[in-house]
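To start, the structure under review is shown below, and the notes come after it.
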Protein chains: 2
Amino acid sequence: MAKLQKSIDKRNALIKATIELVNNSGFHATPMSKIAKMANVSPATIYLYFENKQDLVNQTYLEVKTKYTDFVFKTYDESTSVKTGFELIWKRIAEFNINECEYSFFLNQCNNTPIIDEPSRKEGIRHLQPLLDLWERGKKEGVIKPISDYILYAYSINPLSYLMIAQKQYEFQLNKTHVEEAFLSAWDSIKR
Amino acid sequence: MAKLQKSIDKRNALIKATIELVNNSGFHATPMSKIAKMANVSPATIYLYFENKQDLVNQTYLEVKTKYTDFVFKTYDESTSVKTGFELIWKRIAEFNINECEYSFFLNQCNNTPIIDEPSRKEGIRHLQPLLDLWERGKKEGVIKPISDYILYAYSINPLSYLMIAQKQYEFQLNKTHVEEAFLSAWDSIKR
DNA sequence: CAAAAAAGAATGAACATTCATTTTTATTTG
DNA sequence: CAAATAAAAATGAATGTTCATTCTTTTTTG
């Protein structure tokens, strides 16, 4: 009896193709046949790895989201001051947004449109917990404004997504100075 | 000879239906037949008002964008101080985002995905000129940080879109207090 | 009553998914 | 160790559906 050992490379190639094609055309304008072609695989093969198109995109979302949070919190250390901790996380997020543009663009599209189904989306949100905890502490210490996490997120984190899109879509180039300026704006908007 | 007088009501109904359906399912998952049904019109009739599906959505975008900027700058008066002017514009944007949620959600979707074609998108951007002029003046007067308009926009305006989506998607409700807090964050992030 | 507007049915293309085979891989057996 | 074989993996073609758009006919309008 042969082992059930489907090539992980093929799965990765499919996920990569999905990201690229969905980024450029959107979920519904991306046919399975194109994904298959880009991954050098027959359309039928996709169904050995994923239940259907929705499942493919859900799994892609969760995989990218995991890469994102793994990267973002890798260097984070709970024992620092709130400001230092925030700066650490923020800069990692910025780095991810700039260097892994394909991934962030995909995540952003998932967060802003109805491609992803609700369970997968909920699953994805929980990943930011350490940042929420840090804010909690900051509020207690009187360093962070005592306002809703949604507002804190909207002002200090979400703008990075916008800048990333601007970079992709318009003739705007984010350089080191911009990142520093953006960080100061982020901190100014949430600090007490 | 009968006048060429296509009913404006029908066109409006089509645009309204497009917004609602695209908001809930996205462009490519919205069939013309559904748009027709919701507007109480035959599918063939759509083609009397619009060239094709892409044209329908482009025109919808421009129409909504115009409603947006008309509303936003209606009360604006160039002769005020920079801070007052900014507050005036910002609050109108907030009001639009909260009260005309359907419109803002649609605009946001257009800005973040590849539904709209490039010429229509460019056309839409120009509409924010008065705000850009105000920032220019603010920078000269030393009231606003001397940084890229993209960053100013990312921190002071774009967060409202995020809050609007959060309101639609999660269990978050924007009240008057939130709006005040958000305005302070916006101003803190761009003021010198 | 003629021209415009609208309608429903028809058309053809595109697509997600499944089906029938072939190819690859791993294991067994002489 | 190699030939035989059985299961898994992969494939290309087929299927049935959905959809944008067009065509032909009917209805409305001035």
Side-chain angles (χ1 to χ4, degrees), chain A residues 1-61 106 109-110 113-117 120, chain B residues 1-61 106 109-110 113-117 120:
Chain A
M1 209 197 297
K3 239 188 292 172
L4 186 137
Q5 165 65 55
K6 289 181 279 191
S7 143
I8 193 71
D9 293 348
K10 241 162 231 176
R11 186 172 185 281
N12 287 340
L14 283 167
I15 288 195
K16 187 159 184 254
T18 302
I19 294 168
E20 185 169 341
L21 290 169
V22 170
N23 276 353
N24 290 316
S25 319
F27 173 59
H28 290 285
T30 298
M32 294 296 259
S33 55
K34 256 196 199 163
I35 297 174
K37 193 166 286 171
M38 182 171 276
N40 282 315
V41 134
S42 150
T45 303
I46 301 183
Y47 292 85
L48 299 176
Y49 292 83
F50 304 94
E51 257 180 63
N52 50 40
K53 196 179 175 185
Q54 184 65 58
D55 180 47
L56 166 59
V57 93
N58 285 344
Q59 288 201 40
T60 304
Y61 171 73
F106 182 80
Q109 207 169 152
C110 292
T113 62
I115 344 178
I116 294 298
D117 52 21
S120 301
Chain B
M1 209 199 297
K3 239 188 289 172
L4 185 136
Q5 164 65 58
K6 289 181 279 191
S7 144
I8 191 71
D9 292 347
K10 241 163 233 178
R11 186 172 185 279
N12 288 339
L14 283 168
I15 288 196
K16 187 160 184 255
T18 303
I19 294 168
E20 184 169 341
L21 290 169
V22 170
N23 276 353
N24 290 316
S25 319
F27 174 60
H28 290 285
T30 298
M32 295 295 261
S33 54
K34 257 196 198 162
I35 297 174
K37 194 167 284 171
M38 181 172 276
N40 282 316
V41 136
S42 150
T45 304
I46 301 182
Y47 292 84
L48 300 175
Y49 293 83
F50 304 94
E51 256 180 64
N52 50 39
K53 196 180 174 184
Q54 184 66 56
D55 180 48
L56 166 60
V57 93
N58 285 345
Q59 288 201 39
T60 303
Y61 171 73
F106 182 79
Q109 207 168 152
C110 292
T113 63
I115 341 181
I116 295 298
D117 52 21
S120 301

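We name chains A, B, ... by the order of the sequence lines, and we start the count at 1 in each one.
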Output for pair (Leu48(A) CG, Ser42(A) OG), nearest 0.5 Å, gives 8.5 Å
CG of Asn23(B) to OG1 of Thr113(A), rounded to nearest 0.5 Å, is 11.5 Å
Separation between CE (Met38(B)) and CD1 (Ile19(B)), nearest 0.5 Å, reads 11.5 Å
Here the residues of residues 52-61 of chain B within 4.0 Å heavy-atom distance, strictly under, of DNA chain D are Asn52(B), Lys53(B)
Expected list for residues 32-39 of chain A near DNA chain D, using heavy atoms below 4.0 Å, is none
Whole-Å distance, Phe50(B) CZ to dA6(C) C1', equals 15 Å
Rounded to the nearest 0.5 angstrom, the OG1-CG distance for Thr60(A) and Leu56(A) is 4.5 Å
Rounded to the nearest 0.5 Å, the CD1 atom of Ile115(B) sits from the OG atom of Ser25(A) at a distance of 12.5 Å
OH (Tyr61(A)) and SG (Cys110(A)) are apart, to the nearest 0.5 Å, by 6.5 Å
Whole-Å distance, His28(B) NE2 to dA20(D) P, equals 10 Å
Name every donor-acceptor pair, under 3.5 Å, that has one atom in a side chain of residues 27-36 of chain B and the other anywhere in the protein, sequence neighbours excluded.
residue	atom	partner	partner atom	Å
Thr30(B)	OG1	Leu21(B)	O	3.4
Thr30(B)	OG1	Gly26(B)	O	2.7

B/S/- along nucleotides 10-18 of chain D (protein heavy atoms under 4.0 Å) is BBB------
Heavy-atom closest pair (Leu14(B) atom, Ala39(B) atom, distance to 0.1 Å) is CD2-CB, 3.7 Å
Ile8(A) atom CD1 is separated from dA9(D) atom P, nearest whole Å, by 13 Å
side-chain hydrogen bond (donor to acceptor under 3.5 Å, both in side chains) pairs touching residues 45-55 of chain A, sequence neighbours excluded, are Gln54(A)-Asn58(A), Asp55(A)-Gln59(A)
The correct set of residues in residues 13-21 of chain B placing a heavy atom under 4.0 Å from DNA chain C is none
